[in-house]
Protein chains: 2
Amino acid sequence: MTTIKDVANYANVSVATVSRVLNNKGYISKTAEEAVLKAIKELDYRPNSVARSLYHKTSNMIGLLMPDITNPFFPELARAVEDVAMSYGYTVVFCNTDEEMEKEKTYFEALKQKYVDGMILTTSNMDSTKYDEFDIPLVALDRIISERIPTVVSENKKGAMEATQHLIERDCKYIAHLRGPVGVRPADDRYNGFIEIAEKEGIGYVTADTQFSIELAEEKTLELFQSHPEIDGIFASSDVTAAGAMHALFKLNKQVPQDVKIVGFDGIPLGTMLVPSLTTIQQSIYKMGEKATQLLIDQIEQKAIDTYYHEFPTSLVVRHTT
Amino acid sequence: MTTIKDVANYANVSVATVSRVLNNKGYISKTAEEAVLKAIKELDYRPNSVARSLYHKTSNMIGLLMPDITNPFFPELARAVEDVAMSYGYTVVFCNTDEEMEKEKTYFEALKQKYVDGMILTTSNMDSTKYDEFDIPLVALDRIISERIPTVVSENKKGAMEATQHLIERDCKYIAHLRGPVGVRPADDRYNGFIEIAEKEGIGYVTADTQFSIELAEEKTLELFQSHPEIDGIFASSDVTAAGAMHALFKLNKQVPQDVKIVGFDGIPLGTMLVPSLTTIQQSIYKMGEKATQLLIDQIEQKAIDTYYHEFPTSLVVRHTT
DNA sequence: CTGAAAGCGCTAACAC
DNA sequence: GTGTTAGCGCTTTCAG
């Protein structure tokens with residue numbers, strides 16, 4: 001490993017001079033600059049970023065905490081974060097917390113110790129005050145943690161209302177809602193949107209709690225039909241649970257969309273892969289990831305942040321399940 | 001930020017002593033140890049890992065280069081890597097290279113400068129000699145780069161042979177193979193496996209080149225049926241392309257599996273979500289990720305590596321498309 | 001057993 | 001314009 005000292009020796013200047021040309025700071029004579037550049041090239045020197053970090057207390061790394069990259073909602077988000085981070089010269093460290101507070105805490109600490117310049121949180125099971133204590137740039141993505149942390153979310157409630165309305169317009173008389181994990185904010189918002197429309201329209205409905213698991217969704221759907229055979233519409237809180245519901249219907253020998261109509265939520269590629277393809281509420285996943293990263297970098301680079309709360313519109317994408 | 005110096009002052013010892021208790025190295029008296037431990041606790045001190053990195057020339061970070069986390073084959077792999085890394089106290093930096101040599105090079109350099117302790121490569125478009133030059137621990141995962149780099153792959157060819165055999169046993173007379181990206185090793189191996197069995201069994205066949213894109217797979221399938229309407233079996237080189245084929249068949253009004261049977265490759269969750277669910281060649285994705293990470297950490301920790309080449313068995317999972 | 005001090009590679013005063 | 005030097009926070013000889 002060649003160091004700044006080697007370069008200085010080779011170019012017959014001091015390390016300070018080398019540092020100056022490296023950072024374009026202070027006055028350097030043309031000759032000195034050339035000598036240094038030549039030395040750098042010939043020795044194939046690259047500054048050691050750990051040493052820089054130590055001095056600057058900054059690492060050009062950002063942390064990304066998410067529940068589980070294996071859940072098909074997250075890869076696109078992660079991709080967006082990585083793309084933007086990369087374009088600004090930041091590198092991303094990623095961590096799966098499984099919605100477990102312990103893991104979240106461990107990672108949060110570990111990343112702080114690594115001097116990450118900021119973190120994007122797509123998970124939040126820690127006491128929100130825990131985050132507040134720390135003076136590291138943070139952004140909440142698809143979660144709401146505290147109004148002091150810039151936040152990027154979808155219009156979950158509005159989307160859910162639209163989905164429900166759509167089922168009603170498609171003539172559904174009795175709608176089941178496969179609710180997402182209770183306590184997870186976006187899922188709760190969707191639940192509330194569903195209830196609001198169902199009540200307002202005076203339609204029959206029933207709900208069941210699920211997780212982001214296809215098997216569980218299938219099972220719950222089977223149960224629902226046992227107790228409520230009159231169900232003719234399903235609003236699932238995610239595309240994955242919608243897929244689970246479709247399996248259940250297949251088993252029950254119900255035709256989609258003739259006997260039962262389905263709307264999902266997320267707009268992940270899975271929806272188009274299903275046969276019939278899934279009507280869903282499309283979120284601007286990639287854009288949300290971009291925005292969150294932008295907000296984080298703005299904070300890191302001390303730029304003023306105008307708005308702390310960003311809600312991205314959703315849109316109904318009608319495909320073949322309705 | 002509280003430093004080792006603060007702890008030393010608080011405990012009335014020298015920084016050397018603090019360092020010793022931190023690392024359980026050298027002799028420390030009970031009293032000194034207790035004083036230090038108390039100081040650490042009361043000041044809520046955590047060692048700065050950047051400073052440690054600078055001294056040790058190690059960062060407890062590993063890099064993970066993959067083509068695109070958005071491709072559903074990769075999240076599980078990434079998850080396995082992260083899980084194992086985490087359990088050994090390593091943190092993972094992840095990068096999407098899009099199979100582009102430029103990005104790969106950029107990331108490779110960037111990570112080296114960050115002192116990552118090693119890298120897992122699920123991508124390889126750089127000249128393999130480029131990797132050899134560098135003396136950083138490396139593991140090739142789902143790719144083969146050089147025999148000097150420990151490698152973890154699936155039995156791609158064998159799996160493909162089994163898939164083809166299965167279609168033949170299911171009475172397919174004319175089989176199409178949706179080939180993966182030409183030049184990507186696992187895809188080429190699958191292609192070769194297919195050809196070998198098709199030739200050996202003297203069955204009719206045709207192939208088409210695809211990428212990991214559902215749309216393209218659908219399009220190519222449509223084209224294939226135009227020129228070869230007698231196709232009654234499809235072996236797709238990935239589950240995603242299999243899904244594309246299913247869409248095409250839906251459009252063509254062909255029944256699966258009655259008119260046409262399909263086998264995919266990968267064994268990603270998508271397969272179970274499709275209706276009918278997809279028969280596929282299951283790879284041990286998670287295990288491969290684990291093994292690769294283990295191999296990397298062994299190298300980092302200077303443990304001897306017994307075998308450089310690890311091939312994981314695949315297995316035929318029969319579901320409803322055959 | 002413990003402390004002083006050098007040094008990991010780099011940056012930024014502060015002199016000259 | 002350029003060099004000297006004191007750190008950034010930590011580890012590890014080397015004395016004592």
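By convention in this document, chain letters (A, B, ...) are assigned in the order of the sequence lines, proteins followed by strands, and residues within each chain are numbered from 1. Quick caveat, the model's predicted, so the values are computed rather than measured. Values below: all heavy atoms of this structure, side chains included; hydrogens, waters and symmetry mates excluded.
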Side chain of B:Asn23 - closest among D:dC10, C:dA12, D:dT11: D:dT11
Atom-to-atom span, CE of B:Met1 to C1' of D:dC8 - whole angstrom: 12 Å
N/O donor-acceptor pair, side chain A:Arg46 with base C:dG9, under 3.5 angstrom: no
Nearest-Å distance for atom pair CZ/P, residues B:Arg52 and C:dG9: 18 Å
Nearest-Å distance for atom pair CZ/C1', residues B:Arg20 and C:dA5: 13 Å
Side-chain heavy atoms of B:Leu141 within contact of B:Leu121, under 4.5 Å: no
Audit row: B:Arg143, B:Glu99, salt bridge (Lys or Arg N to Asp or Glu O under 4.0 Å) steps and yes/no: CA-CA 12 Å; B:Arg143 294 292 161 103; B:Glu99 305 275 10; 2.9 Å; yes
Phosphate OP1/OP2 of D:dG3: any A:Thr17 side-chain N/O under 4.0 Å: yes
For atom CG of A:Asn9 and atom P of D:dG3, their distance in whole Å: 11 Å
Length of the line joining B:Tyr55:OH and D:dC10:P, which is rounded to integer Å: 14 Å
B:Ser29 vs C:dT2: side-chain N/O to OP1/OP2 distance below 4.0 Å: yes
Donor-acceptor contact present, side-chain A:Thr106 to main-chain A:Glu102, <3.5 Å: yes
Among C:dA5, D:dC8, D:dT5, the one nearest A:Leu54 by side-chain distance: D:dC8
Rounded distance (Å) that lies between atom P of D:dT11 and atom NZ of B:Lys5: 15 Å
Euclidean distance, atom NZ of residue B:Lys57 to atom C1' of D:dT12 [Å, nearest integer]: 14 Å
Check: A:Asn23/A:Arg52 side-chain N/O donor and acceptor closer than 3.5 Å: yes
5′-ward residue of the pair A:Pro47/B:Ala16 relative to DNA chain C: B:Ala16
Euclidean distance, atom CG of residue A:Leu22 to atom P of C:dG9 [Å, nearest integer]: 15 Å
B:Tyr115 vs B:Tyr27, nearer the 5' end of DNA chain C by closest nucleotide: B:Tyr27
B:Glu147 versus B:Tyr309, side-chain donor and acceptor atoms under 3.5 Å: no
Out of D:dG9, C:dT11, C:dA13, whichever nucleotide has its closest atom nearest the side chain of B:Thr3: D:dG9
Closest to side chain of B:Val13, choosing from C:dA12, C:dG9, C:dG3: C:dG3
